[in-house]
Every structure is written in C-alpha cells, then in structure tokens.
Amino acid sequence: MSSHLLSVDSLSRDHVDHLLRVAARMEPIASRRQVTRVLEGAVLGNLFFEASTRTRVSFNAAFCRLGGSVCDTTGFTFSSMAKGESLYDTSRVMSGYCDAIVMRHPDQGSVAEFAAATHVPVINGGDGPGEHPSQALLDLYTIDKEFARLGKKLAGAHILLTGDLKYGRTVHSLIKLLSLFEPMRITLVSPPGLEMPGQVIDRAVSRGHRVEQRDSLAGDFSDLDVVYTTRIQKERFTEEMSESFAGVSQDFSVGRDFLDTRCNDTTIVMHPLPRDSRPGANDLNVDLNGDPRLAIFRQTDNGIPMRMAIFATLLQVEELIEKDLRPVRWFVPERTGVDDPHS
Ligand code: ASP
C-alpha cells in the first residue's frame, strides 16, 4: 500500500486482505470494550469541502479511538480556499500541523493533487464523482462479515449495484475492489444516462467477472446475495439534467416488496447512506427498517474498525495494537440502536 489512500487502484489483493484482518483486530476497540492509546500524540487533519456526516465523524472517531486527536474544517466558506489558496499551499500548510489528513472535495482528482504536495499520508474521503476508497473497504468488510454469518462465500456470489452508478463514487470504488476477488456475478441497474463508467466494467470483465447491465429492477433476483443501492447524486447534475431526471421512476426504489417477492431470505441490503427518506424519494425504502436483511447500520458501524485499520496501516502501528489494550471504564449500552437485535 502506498503512503496515501487515494484510489482502490493502489491496492493489491494482499493489501486488502491485510486491511480486513487488521479491521477484525480493531473490533474490541471499535465496539467499546477495549481502549488503546497507540496513536497518542498524533494529530489528524479532517478537511471536508463537501457535505458529510458519516465519513467525517467516523474518520474522526476512528482516530480518537486509536488515542489520537483531530482538527477539522468544513466547507469552503471558512477555509483559506475561499481566499484563493491553492491545493498545493493548503497541503503544505496542513502537513506542518498534522500526521495524517483526510480530505473530501467536490472535484475529481483534487485529493490526488493535494496528496502530490505532501509526504504526510492523505486519505481520499471522496473526490466529486471520482472515488471513495475507504467506503468501498468498509463495504467489502461488511459483505465479508455478513457472508461469514450466513455461511456464504464471495466467490460466485451475485451482487446487484443499483441507483446512480455514473456519479456515485462509492460504487466506482466498490466494483474495482470486488474485481480483485474470485469471479462473481455483478448486475448493474441504473436509470438510462446514469450507467457505470465503461472502463470500470471492462476491468471487472477482464478479471473474469460476469457483468450484466440493465435499466430496470424488473425480473427475478432469487439467487441474489447483496443488493447495494445508491442515492441519485442530484448535486452533480446540471440544470438540464435535473429537469430530465425529475421524474426518475420509483422503479429504482428498493423496498420490502422487492425483497420479499423477488429476492430471498438471506439477500442483504446495503447503502453507503445518506438515503433520502422523504416521502416520494426514489431511494432505499424505510419500510425495510427492522428487517434483519437490512445491513445499513451494521455497515456504518463497520466504518470505525475499517478506518482504524487504514490509519494503523498508513501510520505503521498495526503490530502495536494488542500491546496497548485496557478495558473501557464508562457505561456502554448493550445494544446501540432500538431496532438492533440482541446479541
Ligand atoms: N456518502 C456517500 C458519498 O459521500 C454516498 C452519497 O453521498 O450518496 O459518496
């Protein structure tokens, strides 16, 4: 793994396997049973120039759970970029203050440009419609854990990616990551005009995966193992596009009916979130809340151990974790969410 995490392109299968193993070792800390101070004294710079809840807070929490501290800035308005500062200057300045930097920016390629000006590890927290590698890693970690629970294997699995596959950066990173594994069946369903970029599909096909593209969710999905739904990325649309997609049909909304009538009892449902839960939204339906197949909150929880693993690996402390553990001393509820199953 290089000193930055900018794209899934820099990861080999060995790197990914290593990160999955390190993330599993982070579970006692992420689930608040153990405490470590392995990054005591280290400072993370969290720079978010685009909206974020999960990515910003979970990177922040992951760094804190390793014993480090976090400085963050959100939006352009309150940063010096609003005064015309370049990515190069901002990068050099932040590198003098921080030991690792996470950055989200609306322009594709911007985080790589920022990283080119520093030797401090930089993690791409989402560069416009480009990539979101840490999300893909936590998605893969989730699939791996869910499959272990269900006695399934990734090799030969049937995975459906649906929604805005053109501008959705999480699915770009995820399909590249899945491509590193043994051949599987990948079905891509998107509204016309929002298809997955061709070169990403070509790469999966060249590695032996069976990829099928469709423009509707009609048909039989009874052998489906994972449905990964995504939000229509309206913020990336031009005004003209907004008009033409105004009536994107409800047919792309995954809900209980789709799961009960066309999938099976062990199909898991994932989403990078946020989902648009407003009435009439063309997104993952809230009628699946409480259904054990809905893995979205297990998925968000998995962001902590995976992001801890990314920091520990980039900052080269992963072998020190177990040497530094002690039990937590504060109250931790037995279940996190009201709909979470009893363990
Ligand atoms: N949170 C994810 C991202 O930043 C997905 C989304 O916004 O739809 O890419």
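Ligands are counted one by one from 1 in listed order, and the atoms in each one are counted from 1 as well.
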Just jot down the side chain to side chain donor-acceptor pair (under 3.5 Å) partners of D164, sequence neighbours excluded, or say none. none

Look at the side chain of H119 and the backbone N and O of S3, then say whether any donor-acceptor pair between them is shorter than 3.5 Å. no

After noting the C-alpha distance and the side-chain angles of E318 and H18, does the key distance pass the side-chain contact (heavy atoms from CB on, under 4.5 Å) rule? CA-CA 10 Å; E318 72 265 46; H18 180 69; 2.9 Å; yes

So, using side chain to side chain donor-acceptor pair (under 3.5 Å) as the criterion, who are the partners of E235 when residues are at least two apart? R231

Without swapping roles, check the side chain of H105 against the backbone of D127 for a donor-acceptor pair under 3.5 Å. no

Starting from Y88 and following side-chain heavy-atom contacts under 4.5 Å between hydrophobic residues (I, L, V, M, F, W, Y), which residues can be reached? none

Name the residues with a heavy atom less than 4.0 Å from ligand 1? R104, H132, R169, T170, R231, Q233, P272, L273, P274

